[in-house]
Structure formats: C-alpha cells, structure tokens
Amino acid sequence: MTTQTAGERFRLALQQESPLQIVGAINANHALLAQRAGFKAIYLSGGGVAAGSLGMPDLGINTLDDVLTDVRRITDVCDLPLLVDVDTGFGPSAFNIARTVKSLIKFGAAALHIEDQVGAKRCGHRPGKEIVSSGEMVDRIKAAVDARTDPAFYLIARTDAIAVEGLDAAIARARACAEAGADAIFAEAALDLDTYRKFGAAVGVPLLANITEFGATPLFTVEELRSAGVAMALYPLSAFRAMNKAAQTVYETLRRDGTQKAVLPLMQTRAELYESIGYHAYEQRLDAIFSGKPQS
Ligand SMILES: C[C@](O)(C(=O)O)[C@H](CC(=O)O)C(=O)O
Ligand SMILES: [Mg+2]
C-alpha cells in the first residue's frame, strides 16, 4: 500500500512521463487491464459514465452519485491515479462544486476536469455548444481550489470556447483559469498542433490534449504532442468503443449462427480474465484463512 495521496501519485506520474498517457477505463475491470498494459494514469469519462453505465447520451444527464459509484469501484481495486470528468461540476453554486471536489477526494480520485459549458452540456466534439461567461468559469475554478481537502488533488480547467468564441478568447479564458488556481488546462476540440503551442505559451501551466476518436481533433501521436509541449494525452473512450464493437459482433453472430464459435477469437479467455482480476490470489487467500476446508 502506498502512503501517497492519489493527487500526489498523479503529480508523480506527470513527472515520469511526458506527455502522460491517460487512458479511459470504463469500469474496474478495465482499470486493471490498463494497469497491466503499463499505463501510469487512468480516466473516468463523463460520456463513458453516461453511455456505459446508464445507456444515455453525454448531455449532462448523469449525476455526481452516478460518477462516484464508478469512481469508488475503480479506486477500490486499482491504485493508478484516476482523473475524473465532472462535466460542469454538478450544480450551479460554489457549494455544489465544493461537494463534488470533496466527494471525489474521499472516493480516492486523483484529479478532475471541470468545463465552461452551460449545465445542459454537450459532448465537446458536437455542434451547438454553449458556454458560461469567463467570470462564471473562473468562479467554478475558485470554488474547486478552495474546496480541496488534499492540496495535491489536481484540478484541470477545460475550456470548450475554441469552437464557440475562437482561439484567442479560449486562450484568454484558459489564462484566467490558471490565474485562479487551475493546475492545468484542457483545450477541448483543438484542430491542430499549433493550437496547443499557442495555449502553452500563453497559460504557463501544463496542457491536456483530448485525443478522442471520431471527433474534431486529429489522432496526434505522443511524439507530435510532445513536440507541441503537451503534458497530458487523453484517450477517453478508446477501449470502450472497441469493447462495444466486440459486444455487438458477438450478439449478432450468436443470434445469427446459433453458436459463438466464430467469435471466440474476439474473446478474452477464462484464464486471461482470472489473471487480470487476480482470481487465483483471492482463492489462495481464502484457502489460507480456512485451511482449504470447504465452508459449511
Ligand atoms: C472527454 C469527454 O468529455 C468524455 O466525457 O470522455 C468527451 C469525449 C468524447 O465524447 O469523445 C468530450 O470530448 O466531450
Ligand atoms: Mg465529458
């Protein structure tokens, strides 16, 4: 067990890798898979909670409790630092944002990002986004900074303003957020590497690039992002999208063929599953406690 807080572990990971690859884990099982693959930080996507846990769109429908349930399940089994998407903070007032921050820290998260969209938010890569004033966004950041019960808990301010007000206004907002105490800036839906360079030069804090598939941002490589000075590369839903496609193929094939034989190669084996969730280690603990005797 580590004595560091989750926030401290996130900050350490940022020092160890640049850009830090932060990969989406839709549930506790995926968190363990990401850990095995060597990632140093993981992400709980708001769009992922909405679509994956609730089967609903990323339109500000899910609540803080929905997110906390998934956070707790992940942090219960995986000690990788977890960045959490809190959308617009789950409520209009500073008290709501304080509650969000304190709860996330209690539930073992390491970091969050909070955005400047209006409460009835949209996916950052969809048209029709609306944003609150820069002043209101700065108030969100101040409320989050003030609520931190662990000073190492990492606060990322996301701006959706590039698509709404243009690059210069977005950079001005980001700078205001950094001045208000945000540890880093999430420049949502950037169209090119130069955008990151301009943000980086202006804000003076680390920058996160959202490399989500089928969106507005090209799928830049880590080398490209490094060359643009980006500190964090986020892959929010990559494994989720692949998992959904695999599930769809399995359902369709089983229904059509009356057997799953054709899709076995798509499946993780029983042995692989047991390996990733530590099944045998759990079993050995049980045997040690009860000396191998079956429980009556
Ligand atoms: C990062 C994001 O906020 C998320 O919820 O994962 C989404 C990702 C996506 O929809 O691809 C976003 O960019 O708005
Ligand atoms: Mg989101």
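Values below: every heavy atom of this structure, side chains too, minus hydrogens, waters and symmetry copies. Counting starts at 1 for both ligands and their atoms, following the listed order.
- Scored by the ring pair (Phe, Tyr, Trp, His ring centres under 6.0 Å) test, Tyr154 finds Phe10 as partners (sequence neighbours excluded).
- Under a 3.5 Å cut-off, the side chain of Glu224 and the backbone N or O of Thr221 do form a donor-acceptor pair.
- Annotation: protein N, O or S atoms under 2.8 Å of the Mg ion (ligand 2) (waters excluded) comprise Asp85 OD2.
- Residues Leu83 and Ile42 fail the side-chain proximity criterion, which asks for heavy atoms closer than 4.5 Å.
- Residues of the protein with a heavy atom under 4.0 Å from ligand 1 are Tyr43, Ser45, Gly46, Gly47, Asp58, Asp85, Cys123, Gly124, His125, Arg158, Glu188, Asn210, Thr212, Pro236, Leu237, Arg241, listed by chain and number.
- Of all heavy-atom pairs spanning Leu68 and Ser103, the tightest one is CD1-CB, 3.7 Å.
- Among the candidates Val86, Leu112, Ile141, Ile114, the single residue satisfying the side-chain contact (heavy atoms from CB on, under 4.5 Å) test with Ile97 is Ile114.
- Between Arg173 and Glu165 there is a salt bridge, since at least one side-chain N of the basic residue sits less than 4.0 Å from a carboxylate O of the acidic one.
- A heavy-atom distance below 4.5 Å is not found between the side chains of Asp116 and Lys121.
- In terms of the ring pair (Phe, Tyr, Trp, His ring centres under 6.0 Å) criterion, residue partners of Tyr43 (sequence neighbours excluded) are, by chain and number, His113.
- With a 4.5 Å cut-off on side-chain heavy atoms, Asp85 and Glu115 count as touching.
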